[in-house]
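Inspection log for the structure reproduced underneath, given as structure tokens.
Just so we're clear, the structure is a prediction, and the values are computed from it rather than from any experiment. Note on naming: letters A, B, ... go to the chains in the order of the sequence lines (proteins, then strands), and numbering restarts at 1 for each one.
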Amino acid sequence: MKINLKCEEAKMICTKSQYGAATWRDKINLNIHFVCCKVCWRFAKQNSKLSEICATIKKTTYSQSIQLTAEDKKKMKMNIECFENKN
Amino acid sequence: MSKEKVNNLSPDLWVDKYADYLFNFTITRVRDVDVVKDLIQETFFAGLKSMSRYEGKASERTWLISILKRKIVDHYRRSNSNKGRAEVRMNFYSEASRQGDWIEESVSQTGSNRPDAHLEAEELGQVLSSCIKKLSKRHKTVFEMKTLQDFETDEICKVLKINPPNFWVILHRARIQLRKCMEDHGFKR
């Protein structure tokens, strides 16, 4: 088992773990790395904060009521009729 | 008796019955309202074309969704093709009048006088959205598909024709750029 992670590797594992894609071995290595590398530790904190913000974006954007207008629907209906008549 | 169709198609009612549902389904995956409208229209056309192949096993809605899903994947595949990549990436401000962009983003981001935590989160969200817009097209597509639209890694790799290690590198770089961009906007913690 490799113990000495390079910072680049550690950061990559941080990203993966944000998506639940890091293995437990990766995570253990990462935590060992954190003990001696505060830079990566800080990076990890910011990285998870970034994920949090993403989650809020997802919520606000997708709960926004963007809807099809009546006009859009009318147009679609007309297009469908045209299409049916052509065939 | 078993040959008889359980479900029947009635294209005249499609728009009334399913347009909103299909729209909501698509808007979470493709964030451009105009593109969404086109995709739905294409779905209806494709549905009409292949009506004869509808076996009546699934409900009308499920059937339309399955067509729509393919259309969405096609859309991403197309935007990842050479032709798609050659498209000029427009400046955010020149697009401000377009539908589907949010008014809040045109407001300057000063980021001081907001003590409320909820507002702060919202504001951070806005900063992040504008940062995402600044990413290169490839980074942006990968990041949005994975983070905001919850696509599976395999799926994204297949659609964008990249291998998983490559995917993670792109995603990682996108995140690093976003972090840098957030820091430039005064996000430090």
With a 4.5 angstrom heavy-atom cut-off, could you sort out which part of B/V169 is near chain A: side chain, backbone, both or neither?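 Looking at B/V169, backbone and side chain both touch chain A.
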
Fit a plane to each ring of B/F44 and B/W14, take the angle between them on a 0 to 90° scale, and name the class: parallel (under 30°), tilted (30 to 60°) or perpendicular (over 60°).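 Geometry flag for B/W14 against B/F44: parallel rings.
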
Given heavy-atom pairs under 4.5 angstrom as the criterion, report whether the side chain, backbone, both or neither of A/K11 touches chain B.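 Contact with chain B is through both the backbone and side chain of A/K11.
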
What part of A/Q18 gets closer than 4.5 Å to chain B, counting heavy atoms only: side chain, backbone, both or neither?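 Contact with chain B is through the side chain of A/Q18 alone.
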
Regarding A/N47 and B/R179, do their side chains bring together a donor and an acceptor under 3.5 Å, going by distance alone?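 No donor-acceptor contact under 3.5 Å links the two side chains.
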
Looking only at the side chains, is there a donor atom on one of A/S17 and A/K27 sitting less than 3.5 Å from an acceptor on the other?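 No, A/K27 and A/S17 have no side-chain donor paired with an acceptor closer than 3.5 Å.
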
With respect to chain B, which residue among A/K74, A/M76, A/K75 yields the maximal number of heavy-atom pairs within a distance under 4.5 Å?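 Counting heavy-atom pairs under 4.5 Å, the top option is A/M76.
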
Do A/K38 and A/W41 form a cation-pi contact, if we require the NZ or CZ to be under 6.0 Å from the six-membered ring centre and within 45 degrees of the ring's axis?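 Ring-cation test returns yes.
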
